[in-house]
Amino acid sequence: KAGVTQTPRYLIKTRGQQVTLSCSPISGHRSVSWYQQTPGQGLQFLFEYFSETQRNKGNFPGRFSGRQFSNSRSEMNVSTLELGDSALYLCASSRDYTNTEAFFGQGTRLTVV
Amino acid sequence: QQQVKQSPQSLIVQKGGIPIINCAYENTAFDYFPWYQQFPGKGPALLIAIRPDVSEKKEGRFTISFNKSAKQFSLHIMDSQPGDSATYFCAASIDYGGSQGNLIFGKGTKLSVKP
């Protein structure tokens, strides 16, 4: 069974640009969550999607947004990139929103210059 | 109240030793406590998890001890090996009446097991 797939693995963007990251959950999993990982702040929750609806949102500015498609694949978008957005962005999938086991992908390493 | 405090920040043990990583929380609504292991360049991998109705859970060489009254839980790694060298994260989440909340993570512990 394939794991959580995130693309691309690495990205370099310039301040002010926007970026879109993609996540394909484990087959049969319908809940997708996104986390930002930085050395200073650790792992912080961005948002969660289930059945194409955002169920929960963390404390991040509106520049961070996401969506989920009918096949459960998810994308997150960051607009007007800032240097501080440089981080590892991780996607986790669960069977559904009642399920506790969350499985992470390898992440997308975003560098903003 | 939503924080999970993890200690120590880093830990060095000899092969065969038993590293212990501790986490503490304030919010008594937390009801699910997983531990994740992360190797460089990889995403966190679920290692073991516990709920407040049990005080201990073992899976292979990994054991979680849970103290509900103290609001603390810890990870013990028996007979540690160099391959266990990684960063370990504790986490917690709330069950909102059947709807599981997001994971709140500790800051992580970098474990190094010397041969």
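Every chain is numbered from 1 and lettered A, B, ... according to where its sequence line falls, protein lines coming before strand lines.
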message: With a 6.0 Å cut-off on the ring centroids, do F47(A) and Y49(A) count as close?
response: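 Between Y49(A) and F47(A), which both carry aromatic rings, the centre distance is below 6.0 Å.
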On a heavy-atom basis, which atom in [X] and which in [Y] lie closest, and how many Å separate them?
X       : Y      : result
P44(B)  : Q38(B) : CD-NE2, 3.8 Å
A102(A) : L46(B) : O-CB, 4.3 Å
F33(B)  : P52(B) : CE1-CG, 3.8 Å

Is chain B contacted by the side chain of [X], its backbone, both, or neither, given a heavy-atom distance below 4.5 Å?
X       : result
L90(A)  : side chain
Q6(A)   : neither
R109(A) : neither
Q44(A)  : neither

For chain A, which residues of [range] have at least one non-hydrogen atom nearer than 4.5 Å to it?
range                       : answer
residues 104-115 of chain B : F105(B), K107(B)
residues 68-82 of chain B   : none
residues 87-95 of chain B   : F89(B)

query: Can you tell which of F104(A), F103(A), Y35(A) makes a ring pair (Phe, Tyr, Trp, His ring centres under 6.0 Å) with Y36(B)?
result: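 Of all the options given, the one that passes is F104(A).
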- request: Examine the side chains of S74(A) and R67(A) and answer whether a donor and an acceptor come within less than 3.5 Å of each other.
  value: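 Distance-only check fails for S74(A) and R67(A).
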query: Is it true that atom CG of D53(B) has more than 12 heavy atoms of other residues, nucleotides or ligands lying nearer than 6.0 Å?
result: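 For D53(B), atom CG is crowded (more than 12 foreign heavy atoms under 6.0 Å).
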- prompt: In this structure, are over 12 heavy atoms from other groups packed under 6.0 Å from K58(B) atom NZ?
  reply: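 Not more than 12 within 6.0 Å, no.
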message: Among T80(A), V112(A), L81(A), which residue satisfies the side-chain contact (heavy atoms from CB on, under 4.5 Å) criterion with R15(A)?
response: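 Exactly one pass, corresponding to V112(A).
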- request: In plain terms, say whether E82(A) and R63(A) are close enough for a salt bridge, that is, a side-chain N and a carboxylate O under 4.0 Å apart.
  value: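 Yes, this pair counts.
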field: Listed partners of R51(B) passing salt bridge (charged side-chain N to carboxylate O under 4.0 Å, His left out), at least two apart
entry: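 In terms of salt bridge (charged side-chain N to carboxylate O under 4.0 Å, His left out), with neighbours along the sequence ignored, R51(B) is linked to D31(B).
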